[in-house]
Participant: 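Please see the structure below; I have some questions.
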Amino acid sequence: MARQIFWVLILAAGVLAAPALAASPVPAGNRHAEQPDIPFGSGSRTRALKTTFEAKYRKVYALLKRDGKLRAKIVEAAAAYRIDPMHIVGAIVGEHTYNVDAYDRLQTYYVKAVSYLTTRFSFAFDGEDVDAFIKRPQFAACDAETGSYALWTCRERVWNTQFRGRVVDGKGFPNNRFSAVFFQPFYAGQTFGIGQLNPLTALQMSDAVHRVSGLPKLDHRYPQQVYRTIMDPDLTLPYVAATLKTAIDAYAEIAGFDISGNPGITATLYNVGNPRERAQALRRENAERAAKGEEKRLPEENYYGWLVNDRLSELKALFAAN
């Protein structure tokens with residue numbers, strides 16, 4: 001099994017993750033000599049649990065080292081979406097180091113996934129179901145979008161520009177992310193499986209995962225299905241891979257950078273989200289820099305991606321062992 005993983009890893013890292021045409025490769029490694037500042041919230045959660053970032057990293061590292069089946073699933077998902085497995089590993093490691101602890105056993109994620117099938121909840125805010133909310137006239141322009149990614153990205157943009165932190169039709173809306181307001185029915189900061197994927201991102205990736213992996217499309221009207229998908233390792237890893245592939249493609253197509261050889265950059269984008277908007281911002285910035293005769297600014301890792309690049313040799317070794 002380990003030898004098979006090694007050769008699939010080589011294939012994914014070489015042929016499958018070939019640089020995009022006309023995009024400038026981003027060098028491997030970190031641009032920052034020292035780790036960028038870690039947000040206060042991540043530190044306070046970690047201290048509250050009487051642990052450390054290093055201990056949390058070691059815990060998720062131990063899960064990856066111990067569970068050959070998980071490593072094989074990661075390699076399989078990476079190959080399907082034509083990315084290096086280290087992008088998926090980076091996302092998992094970053095999430096479990098800076099957000100929540102990894103469970104000791106992969107089986108626990110399966111148990112959690114099944115539990116959501118019998119739990120009653122909806123995607124709603126202040127008594128208004130998200131299905132009714134997106135039927136408001138402000139969202140009408142999104143109806144012309146084709147594909148789940150374009151559709152839900154449009155709806156998220158409408159939320160940010162017309163509802164977030166505002167009073168609309170006499171109702172006040174929180175100054176918070178669309179995913180946090182409507183798609184966390186239990187409590188803020190709840191966990192979302194091995195990839196810590198949020199439901200809105202899963203809904204965005206639904207068409208891509210259906211096309212590549214053949215999984216059923218997700219429907220926001222059936223939140224139990226969405227939660228089971230993001231909690232079940234067999235179902236969620238393709239969504240993690242699709243999310244990372246979307247970021248890689250966005251930076252190649254929009255910003256002109258091939259980030260497929262730098263897992264720290266993709267981990268950063270997995271952490272902060274909205275890769276197309278960030279790629280557009282970088283393209284605008286570099287156009288302005290070019291007009292002034294300045295060099296292009298490369299994509300940069302944040303604290304989360306910095307750790308991934310810093311530990312990359314150790315993480316790669318897990319998949320090359322025989």
Side-chain angles (χ1 to χ4, degrees), residues 1 5 9 12 42 45-46 49 51 53 55-81 83-117 179 183-184 186 189-206 208-209 212-213 215 218 224-247 263 266-267 269-271 273 304-305 307-308 311 315-316 318-319:
M1 175 65 73
I5 289 175
L9 176 63
S42 181
R45 287 193 300 270
T46 299
L49 294 172
T51 185
F53 294 130
K56 291 166 73 175
Y57 168 79
R58 285 297 158 194
K59 188 172 183 181
V60 67
Y61 176 86
L63 174 63
L64 289 165
K65 183 177 182 179
R66 183 171 57 247
D67 200 318
K69 289 183 179 179
L70 173 58
R71 296 197 303 274
K73 292 176 191 294
I74 290 171
V75 171
E76 181 181 7
Y81 291 84
I83 62 174
D84 188 319
M86 289 301 108
H87 293 298
I88 299 177
V89 173
I92 292 172
V93 166
E95 287 296 328
H96 288 85
T97 299
Y98 294 111
N99 290 328
V100 300
D101 273 336
Y103 290 121
D104 292 321
R105 298 169 59 248
L106 192 64
Q107 185 62 30
T108 306
Y109 291 100
Y110 291 106
V111 173
K112 289 280 187 180
V114 172
S115 71
Y116 282 113
L117 294 177
S179 59
F183 296 97
Q184 294 188 4
F186 300 110
Q190 64 202 94
T191 60
F192 301 114
I194 189 72
Q196 291 295 288
L197 202 66
N198 74 63
L200 179 58
T201 301
L203 288 167
Q204 289 173 328
M205 295 298 130
S206 180
V209 172
V212 175
S213 300
L215 296 180
L218 299 179
Q224 287 80 11
Q225 174 207 26
V226 176
Y227 263 61
R228 183 203 170 190
T229 298
I230 58 181
M231 289 300 298
D232 186 323
D234 293 335
L235 302 177
T236 199
L237 286 174
Y239 280 86
V240 174
T243 303
L244 293 160
K245 175 63 171 173
T246 296
T266 55
L269 294 169
Y270 191 85
N271 174 232
Y304 179 116
L307 174 84
V308 173
R311 307 296 175 92
L315 295 169
K316 282 184 175 180
L318 289 177
F319 288 75

Participant: Assess Arg311 against Tyr57: is NZ or CZ under 6.0 Å from the centre of the six-membered ring, and within 45 degrees of the ring's axis?
Facilitator: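 Yes, Arg311 sits over the ring of Tyr57.
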Participant: So how far is it from Met86 CE to Leu244 CG, rounded to the nearest 0.5 Å?
Facilitator: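 Taking CE in Met86 and CG in Leu244, the distance rounds to 12.0 Å.
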Participant: Look at the side chain of Thr97 and the backbone N and O of Gly94, then say whether any donor-acceptor pair between them is shorter than 3.5 Å.
Facilitator: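 Checked: no pair found.
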Participant: Does the Tyr61 side chain pair with the main chain of Leu315, one donor and one acceptor, at a distance under 3.5 Å?
Facilitator: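 Answer holds: no.
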Participant: With no hydrogens and no angle check, do the side chains of Ser213 and Tyr81 hold a donor and an acceptor under 3.5 Å apart?
Facilitator: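 Looking only at side-chain atoms, Tyr81 and Ser213 do form a donor-acceptor pair, the distance falling under 3.5 Å.
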Participant: Is it the case that the side chain of Tyr304 and the backbone of Ala91 share a donor-acceptor pair, with hydrogens and angles ignored and the cut-off at 3.5 Å?
Facilitator: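 Between the backbone of Ala91 and the side chain of Tyr304 there is a qualifying donor-acceptor contact (under 3.5 Å).
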Participant: For a quick test of reading the model, state the closest non-hydrogen atom pair linking Ala80 to Val212 and the distance between them.
Facilitator: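 Minimum heavy-atom separation between Ala80 and Val212: O-CG1, 3.4 Å.
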Participant: Checking side chain to side chain contact (heavy atoms under 4.5 Å, CB included) for the pair Ile74/Ile92: CA distance, chi angles, key distance, verdict?
Facilitator: CA-CA 10 Å; Ile74 290 171; Ile92 292 172; 4.0 Å; yes
Participant: Mind checking the NZ-OG1 spacing from Lys56 to Thr51? Nearest 0.5 Å is all I need.
Facilitator: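 So the NZ of Lys56 and the OG1 of Thr51 are separated by 7.0 Å.
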Participant: How close do His96 and Gln196 get, counting heavy atoms only, and between which atoms?
Facilitator: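 Heavy-atom minimum between the residues: CE1-CG, 4.3 Å.
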Participant: Does Glu95 offer a backbone N or O that forms a donor-acceptor pair with the side chain of Tyr270 under 3.5 Å?
Facilitator: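 No: the side chain of Tyr270 does not pair with the backbone of Glu95.
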Participant: For a 4.5 angstrom cut-off between non-hydrogen side-chain atoms, does Leu64 reach Val93?
Facilitator: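 Yes; the side chains approach each other to less than 4.5 Å.
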Participant: Ignoring hydrogens, what is the shortest heavy-atom contact between Ala241 and Ile83? Give both atom names and the distance.
Facilitator: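 It is O-CD1, 3.9 Å.
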Participant: Could you tell me the separation between the OG1 atom of Thr243 and the NE2 atom of His87, rounded to the nearest 0.5 Å?
Facilitator: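 The OG1 atom of Thr243 sits 13.5 Å away from the NE2 atom of His87.
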Participant: How long is the straight-line distance from CD1 of Ile194 back to CG of Asp234, given to the nearest 0.5 Å?
Facilitator: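 Going from CG on Asp234 over to CD1 on Ile194, the span is 11.5 Å.
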Participant: Please report the shortest heavy-atom distance between Gly195 and Val240, naming the atom on each side.
Facilitator: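 Heavy atoms only, the tightest pair is CA-CG2, 3.9 Å.
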Participant: Taking all non-hydrogen atoms of both residues, which atom of Leu218 and which atom of Ser206 are closest, and how far apart?
Facilitator: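 The answer is N-OG, 2.8 Å.
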Participant: Are the side chains of Phe183 and Asn198 in touch, meaning some heavy atoms are under 4.5 Å apart?
Facilitator: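 They are not in contact (no side-chain heavy atoms under 4.5 Å apart), so the answer is no.
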Participant: Side-chain contact, heavy-atom cut-off 4.5 Å: Leu215 with Thr229?
Facilitator: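 Leu215 vs Thr229: side chains apart.
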Participant: Show the nearest heavy-atom pair for residues Ala78 and Ile88, with the distance to one decimal.
Facilitator: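 Result for this residue pair: N-CD1, 3.7 Å.
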Participant: Would you check if the side chain of Thr236 reaches a backbone N or O of Asp232 as a donor-acceptor pair within less than 3.5 Å?
Facilitator: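 Checking the backbone N and O of Asp232 against the side chain of Thr236, no donor-acceptor pair under 3.5 Å is found.
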Participant: Please answer whether the main-chain N or O of Tyr98 pairs with a side-chain N or O of Ser42 as donor and acceptor at a distance below 3.5 Å.
Facilitator: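 Checking the backbone N and O of Tyr98 against the side chain of Ser42, a donor-acceptor pair under 3.5 Å is found.
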